[in-house]
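First up is the structure itself, then whatever we jot down about it.
Hydrogens, waters and symmetry mates play no part in the numbers below; they use all other heavy atoms, side chains included. In this text, all values refer to a predicted model and were calculated from it rather than measured experimentally. Naming convention: chains lettered A, B, ... in sequence-line order (proteins, then strands); numbering from 1 in each chain.
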Amino acid sequence: MNPRFSRRTGLAAALAGPLALAACGRHTVDPPKSVTQAEIDEAMRTPTELNFWTWVPDIEKEVALFQDAYPAISVDVVNAGQGNPHYAKLRTALRAGNGAPDIAQLEYQMIPSFVITEDLLDLGPYGASAIGDRFVEFAWSQVSGPNGEVWAVPQDTGPMGMLYREDLFQAHGIDVPATWDDFAAAAKRLHEADPEVFLTNFSPSQGAFFAAMLWQAGADPFGGSEGPDLNVDLTSPEAQKVARYWGDLSEQDLIAVDADFNDQWYQALNKGKYATWIAPAWAPTFLQSAAASTSGLWRVAPLPQWEAGQQISSNWGGSTSAVMATTRNPIAAAVFAQFINTDPKSTQTMADEQSLYPPTKAILEDPAFTGSKVEFYGGQEVNGLFAEIGATVAPDFQWAPFQDKVYADFTATVGTAVAEKTDAVAAMEDWQRRIEEYAKYQGFTVRQP
Amino acid sequence: MTTTTADRRRQGTSPRTFTAHRHRRGRLVAGYMFVAPFMIVFVAMFLVPLLYAAYFSLFREQLVGGNVFVGLENYSRAFGDDQLWTGIGRVCLFFLIQVPIMLVAALAFALALDTGLTRLKRTTRLGIFVPYAVPGVIATLMWGFLYGPDFGPFAQLADKIGLSAPDFLSQHLMLGSLANIVFWEFTGYNMVILYAALRSVPTEIYEAAAVDGAGQWRIAWSIKIPALRGALAVCMIFSIIGSFQLFNEPQLMKSLAPTVIDDAYTPNLYAYNLAFVGQEYNYAAAVSFVLGLVILAGSYAFMFATNRRSRR
């Protein structure tokens, strides 16, 4: 063997490798106009393996129910991380054209981000067009495309309310604020009475919270965007109102500005640094384990309003099940995504055992669900209150097709401005400018309404 | 052996050439077989991805509009990218502050252990090395708790005696706080390298020095430290690479101080966020190559400087 020759062939092979890798395309499903029941029955009788990526704990319970109903199908559940790590891996696998799951958990705000890259299968032809009326309107509108596509099936939601410490409110003679003006007054009063306590915390890295605030105020920054045409309007009067409000509270030192979901924040919740947590319907259960030492001290109220007498809420979080366009088993995957999120026993298990706040009307109207009293909240019927709040969620709010980038830029601009007590309204312009720049770089046509 | 081979070669057309040639060929094949496991993994896991990334960095794939060949456009963007160069400047500063302190401490520990002054030598050595055995992620989480501005032990302690602890997670102190974590993690590691090098110095030299009347300080200064030049250079190269590739520590501290550690705090964080948040994979590949180039230049400059000095 001539070593020089072998070196050269080695190099050639190494060079050809990436080219070959880059050249191979990926398989995607061409969704049919409609799928007949016979085709579905046939597919569900055929032995099939499905791969499902989710971070919902104990999802195996619902998967088992599915497998009881369809013994030919086996489902492999993979936890690929929660939130961003999950999406990063999912994107990588989808791009590689290899290793992506058949079904994946997607939060509502991420759906457009995966639609733009053509990674989701339209579930409409697979029977999902017919299940829309089982879900609350705002949840269904979040999974629907402009041309009647169904990009995912809702699994849980997070209508916004306010969790508050009744003991702290009573000790300082504070009434539950009904409007944001009342809330600001209460913040001042509480902090003056006890400088160690803040009425609430504004996390500079929680873009999702800020989006919920924008949503409630009637700002819809990306509303009307379609495909390559992107609307960005973060400087509307509604959006500016929200930024000014939180910026002012922070400038006067009336709220805490700690990053959330870390150890420091858990301790602060336990030790009573914050008197409220403005949070969605999944928060009550979360708080029970995160701040176990404060059991019995919390209560739940609706979100404060911009106008007295109004009742408008918004949504933060919640997830869906989406089928990847790269699946080899579109029918089985589509049936699975619908089954676990609509089957009465499966949805009941999610609501009761995993405490996922349900998007299905059947459970939201069930007195056994709404009437359950929670010890942690002094025996309050928390589910019932959130069911009422859920009915007031404004149905129109659109996400950017790169929402994770939008959130990252939020932290760098508005989040930082609020935390560092600089001009939050000016930061909104900076946020807008960054998004526009990025969108243009990514090939979008940016329109300003 | 060498003379025999040379003799055979000189014999030219002797009848033994054929067998000798076969023998050599057999040894060559055996040699390749031995390095094959390494080479296969090296090529598949390092060289191919590297080349693929280089190829990849010449394109621009947009969310809308597809993939186009752009030549070196990503590189020209990287060379003019303030965010990238701010990050590189920051890790340079980190390197200048952290590495000298760490290496001096590691050297002091290694020398102290080597003199045998310390009792409980093994325990001490293990004690200094153990932090390296703690995974960086866990160490960072632990330090994150210690640095906590409200409920961290430093803050609590300061509060008890009526003072206020410095805000370790603030804009001004963050780099120092990160340097402290890395110091704690890697001093022991560098100490072990230096200590091992010291053990290989022949003891006769020390005896000779003692006969000449040199004390411990003199021995350390005139014999041990010069003998450690090679090992120190190795530690230095590792530290240059490690500093410029800083990632784990700031990535984990980001959840505690998201407004201080931005998406481009270090060049590696920047590349990561470009790829996995902004989906600018091609540009992230170019940024990684620019960073690799900077590290290469830094390491080479360091080696060049030390070689020249030792030659002088």
With side-chain contact (heavy atoms from CB on, under 4.5 Å) as the test, would you mind laying out the steps for B:Asp150 and A:Lys273 before giving the verdict?
CA-CA 10 Å; B:Asp150 285 336; A:Lys273 184 178 176 184; 2.4 Å; yes
Kindly determine whether B:Phe276 and A:Asn84 satisfy side-chain contact (heavy atoms from CB on, under 4.5 Å), including the steps that lead there.
CA-CA 8 Å; B:Phe276 295 113; A:Asn84 283 344; over 6 Å; no
Against chain B, label A:Lys271 side chain, backbone, both or neither, depending on which of its atoms sit under 4.5 Å from a heavy atom there.
side chain
Under 4.5 Å from a heavy atom of chain B, the part of A:Asp409 involved
neither
Residue from A:Gly415, A:Gly227, A:Pro85, A:Ala268 scoring the most non-hydrogen pairs under 4.5 Å with chain B is A:Ala268
Using non-hydrogen atoms and a limit below 4.5 Å, what part of residues 202-211 of chain A faces chain B?
A:Pro204, A:Ser205
Might you confirm whether atom CG of A:Asn98 has over 12 heavy atoms from other residues, nucleotides or ligands at distances under 6.0 Å?
no
Under 3.5 Å: donor-acceptor pair, side chain of A:Gln442, backbone of B:Val64:
no
Quick check on A:Phe261: does its CZ atom have over 12 non-hydrogen neighbours (other residues, nucleotides or ligands) under 6.0 Å away?
yes
Does the side chain of A:Arg91 pick up a donor-acceptor pair with the side chain of B:Tyr281 at under 3.5 Å?
no
Which pair of heavy atoms, one from B:Leu256 and one from A:Ala259, lies closest together, and at what distance?
O-CB, 3.9 Å
side-chain contact (heavy atoms from CB on, under 4.5 Å) for B:Arg60 and A:Tyr441? Distances and angles first, verdict last.
CA-CA 10 Å; B:Arg60 183 168 103 181; A:Tyr441 183 80; 3.4 Å; yes
Quick check on the interface: out of B:Ala44, B:Pro49, B:Pro149, B:Ala53, who has the most heavy-atom pairs with chain A under 4.5 Å?
B:Pro149
Any carboxylate oxygen within less than 4.0 angstrom of a Lys/Arg side-chain nitrogen, looking at B:Glu280 and A:Lys405?
no
Heavy-atom distance under 4.5 Å to chain B: side chain of A:Glu118, backbone, both or neither?
neither
In Å and rounded to the nearest 0.5 Å, what is the CG to CZ distance from B:Leu63 to A:Phe402?
8.0 Å
Kindly check if the number of other-residue, nucleotide or ligand heavy atoms within 6.0 Å of CZ (B:Phe69) is above 12?
yes
Between B:Tyr147 and A:Gln264, is there a side-chain heavy-atom distance shorter than 4.5 Å?
no
Test item: A:Asn262 side-chain N/O and B:Ser255 main-chain N/O as donor-acceptor pair under 3.5 Å
yes
Portion of A:Ala412 that has a non-hydrogen atom of chain B nearer than 4.5 angstrom:
neither
Chain A interface, residue from B:Lys254, B:Gln171, B:Glu61 that has the most non-hydrogen pairs under 4.5 Å
B:Glu61
Spacing of CG belonging to B:Asp263 relative to OG1 belonging to A:Thr411, to within rounding of 0.5 Å
7.5 Å
